[in-house]
Amino acid sequence: MVNITLPDGSVRSFDAPVTGLELAGSIGEGLKKAAVAITLDGTQKDITTTITKDSEVSIITNSTDEGLEIMRHTVTAQVLARALKNLYPSAKLAIGPTIDSGFYYDISTEEKITTEDLDKIEAEMRKIVGEGLDITRKEYTRDEAIKLFESRNEPFKIEIINDTPESETHFGIYEQGDGVFYDLCRGPHLTSIKKVGAFKLLSVAGAYWRGDAKNEMLTRIYGTAFKTEKELKAYLRMMEEAEKRDHRKVGPALDLFHFQEEAQGQVFWHDKGWKLFLTLQDYIRNKLAAHNYQEVNTPQLVDHSLYIKSGHWEKFSHGEIFEVKESETKLSALKPMNCPCHVQIFNTGLKSYRDLPLRMAEFGCCMRNESSGSLNGLLRVRSMTQDDAHIFCTPQQIESEVVLLCELIKDIYGDFGFNDIVVKFSDRPEMRVGSDDVWDAAEQALKDACDAAGLTWTLNPGEGAFYGPKLEFVLKDCIGRDWQCGTIQMDFNMPGRLGATYINEQGEKEHPVMIHRALLGSLERFTGILIENFAGHFPLWLAPVQIGFSGVIEKHNEHAYKLAKQFEEAGFSTFVDPRNEKINYKIREMAHQKIPYMAIIGDREIEEGTVTIRRLGEGNKTTTYKVEELIAKMQEEVVTKALPPMAE
RNA sequence: GCCGGCAUAGCUCAGCUGGUAGAGCAACUGAUUUGUAAUCAGUAGGUCGCGAGUUCGAAUCUUGCUGCCGGCACCA
């Protein structure tokens with residue numbers, strides 16, 4: 001008797017062991033058809049797995065995310081991998097996992113594989129799908145598995161087997177057809193190649209074996225798959241649309257900034273982009289005032305001895321810090337971070353426990369020699385402006401300070417319309433300063449504070465700063481890449497290294513705790529994310545040009561300028577298009593320039609003292625306002641930081 | 001930094017196997033005086049990323065460099 005408990009709590013009893021497929025069939029024919037795998041007592045298994053004892057089972061169908069992932073896994077590990085072996089017999093297979101957007105396979109080849117080869121590989125994959133062989137799982141002993149992969153010349157597979165703990169005595173190997181193709185795999189897989197959906201190979205890239213730069217660089221082939229051709233097409237179309245939001249295209253097109261070779265990784269901010277930048281800075285500056293921060297400014301060029309003391313010099317001794325020879329004997333650094341300088345300010349004069357928490361902020365311009373391959377428009381630059389601050393506090397104040405920060409960050413991100421922020425908790429890295437006791441305390445303190453703030457986070461193991469654990473507030477760019485923006489970092493180490501002390505209530509000297517935090521992160525990166533998030537169509541309060549005026553014909557220009565002046569005086573940034581062009585044309589251009597309010601001035605408006613506007617994002621609807629009325633409406637929109645209407 | 005790709009006018013792109021550059025939009029000039037996403041005509045615009053090589057001749061072939069793109073590694 002086998003009793004199987006289903007997710008809804010119902011129990012099905014069978015006289016003899018059953019397979020997942022039989023179980024699905026006993027529930028319904030439709031379910032049987034859609035079933036791709038099962039979850040048996042919390043672990044994913046093949047649909048053909050025999051259930052021999054009482055267990056909890058749920059059936060994974062092809063219309064769930066889990067089912068999609070299993071199908072993608074089969075596409076990469078069975079179809080793509082085999083196609084690559086067919087076309088490049090000497091290729092050695094590494095690994096082929098699924099990722100959020102699809103899958104990849106890493107191989108080592110003598111031949112160069114380029115984007116142009118993808119069609120050829122895809123054609124081979126279709127051939128394999130056409131054959132539609134069955135996939136079966138077999139258990140091999142360690143020796144058998146190694147022998148199999150030795151005979152197939154797959155050293156990476158053997159390395160994987162050799163690196164598993166001795167306690168693993170058996171390995172699951174999936175066999176396609178009758179010995180046509182073998183792959184080492186945890187599974188589960190579809191039972192037949194016939195069942196894979198629509199797929200497409202997307203790109204070729206390099207990737208280090210096991211993610212380690214010391215290892216061989218393999219060729220990685222990215223692709224994606226969906227249940228239906230329609231979903232695949234929709235995904236590809238969505239990606240195409242998303243790429244149009246790329247801040248590196250939109251930014252220069254809107255005349256916000258540009259880059260050029262002579263200043264790699266640094267931004268040439270144009271008038272409009274700088275307006276946006278300053279708006280963000282003012283916004284944060286107002287928050288600082290409201291949260292009892294002091295704002296400071298510290299030197300750009302600092303003797304390297306300070307960074308030796310702080311520990312940065314040793315940690316970043318691979319050229320990340322720009323070195324400047326100030327004289328024959330004096331070696332300085334272009335400030336790569338603000339913290340050591342802030343401690344210098346803290347260290348002037350005696351500090352009492354009554355001075356804590358002391359919140360010190362700086363819009364510090366930091367320069368880091370980021371590797372050329374990591375540079376990415378505004379999202380990763382060599383010269384950036386952090387909205388940085390350091391909070392010097394007592395251990396007892398940590399929790400309340402972090403709670404305040406979490407609330408502040410939530411509040412700020414909400415103002416930009418980012419309501420579902422991903423928070424990562426990064427704990428101690430391998431390369432670090434400070435004792436394990438101190439790390440235990442720091443990590444615990446940060447976790448407690450997260451709980452108190454009601455933050456949910458995911459663990460990002462080993463990714464903390466070298467001086468302490470950190471929280472990262474992560475936003476995504478237009479093609480779904482993660483970027484760390486805000487951060488809160490706990491530091492029990494640097495105050496001691498740099499001799500920061502305060503006099504506690506007992507009259508003794510003590511090191512304060514330092515909390516490093518940035519709200520937006522770097523203003524450059526945050527601006528880039530904003531451009532992509534809004535596709536250049538910013539909320540009114542951020543828009544570098546807020547209202548544009550065009551006369552119907554040339555004689556209306558004078559009035560257009562007069563109105564523009566009136567709106568300037570009311571605090572708006574304006575634009576006037578005096579050109580002798582049709583208004584259709586001028587409207588079109590203002591829309592392309594993402595000017596939120598587009599005003600057309602003709603005889604009627606002049607007579608009536610009104611403005612007729614068209615709001616970007618609201619189609620061709622026009623509304624006529626009294627001038628003061630529109631000013632009030634727009635001021636309201638600025639004050640409430642309303643998000644822009646998005647229907648384009 | 002590593003793997004692969006790319007670099008032609010302000011922008012988007014064409015230029016086949018080598019015969020020394022072409023379109024649309026933008027710009028400029030003129031005509032048009034126009035009511036909500038492209039008015040018409042004309043003019044001008046390029047050391048084909050930079051350097052070397054092969055060749056009678058290079059945007060095109062080879063090579064070195066620089067930058068950019070996609071990944072990987074890195075990310076205070």
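No experiment lies behind these values; they were computed from the predicted model shown. The basis for the numbers below is simple: all heavy atoms, side chains too, and nothing from hydrogens, waters or symmetry mates. Sequence lines set the chain letters: A, B, ... in the order given, protein chains first and strands last, and positions in each chain run from 1.
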Pull out every protein N or O sitting under 3.5 Å from an N or O of nucleotides 74-76 of chain B, one pair per line with the distance.
{"residue": "B/C74", "atom": "O2", "partner": "A/R380", "partner atom": "NH2", "Å": "2.7"}
{"residue": "B/C74", "atom": "N3", "partner": "A/R380", "partner atom": "NH1", "Å": "3.1"}
{"residue": "B/C75", "atom": "O2", "partner": "A/R380", "partner atom": "NH1", "Å": "3.1"}
{"residue": "B/A76", "atom": "OP2", "partner": "A/K470", "partner atom": "NZ", "Å": "3.0"}

May I ask you to verify whether the side chain of A/Y208 and the base of B/G1 hold a donor-acceptor pair under 3.5 Å? yes
Can you check nucleotides 44-48 of chain B for protein contacts, nitrogen or oxygen pairs under 3.5 Å, and list what you find?
none

Sub-3.5 Å donor-acceptor pair from the side chain of A/Q386 to the main-chain atoms of A/G521, do we have one? no
Determine the contact category for A/K555: base if any of its heavy atoms lies under 4.0 Å from a base atom, sugar-phosphate if only primed atoms, P, OP1 or OP2 are that close, otherwise nothing. nothing
Given B/C3, B/G5, B/G70, identify the nucleotide with an atom nearest to the side chain of A/S203. B/G70
Which nucleotide, B/U66, B/G35, B/G71, lies nearest any side-chain atom of A/V552? B/G35
Do we get A/R220 above A/Y105's six-membered ring, with its NZ or CZ under 6.0 Å from the centre and within 45° of the axis? no
If you look at every strand shown and take non-hydrogen atoms under 4.0 Å, does A/S550 touch a base, only sugar-phosphate, or nothing? nothing
Picking from B/A37, B/G35, B/U36, the nucleotide nearest the side-chain atoms of A/T622 would be B/U36
Counting only distance, no hydrogens or angles, is the base of B/A73 paired donor-acceptor with the side chain of A/R210 under 3.5 Å? no
Reading RNA chain B from 5' onward, which residue's closest nucleotide shows up sooner: A/E116 or A/A207? A/E116
Within the structure shown, what part of the strands sits under 4.0 Å from A/R220 by heavy-atom distance: base, sugar-phosphate, or nothing? sugar-phosphate
Can you tell me the Watson-Crick or wobble partner of B/C40, both distances under 3.5 angstrom? B/G30
Taking N or O atoms only and anything under 3.5 Å, show me the protein contacts with nucleotides 25-28 of chain B, one pair per line.
{"residue": "B/A26", "atom": "OP1", "partner": "A/Y585", "partner atom": "OH", "Å": "2.6"}
{"residue": "B/A27", "atom": "OP1", "partner": "A/R579", "partner atom": "NH1", "Å": "3.1"}

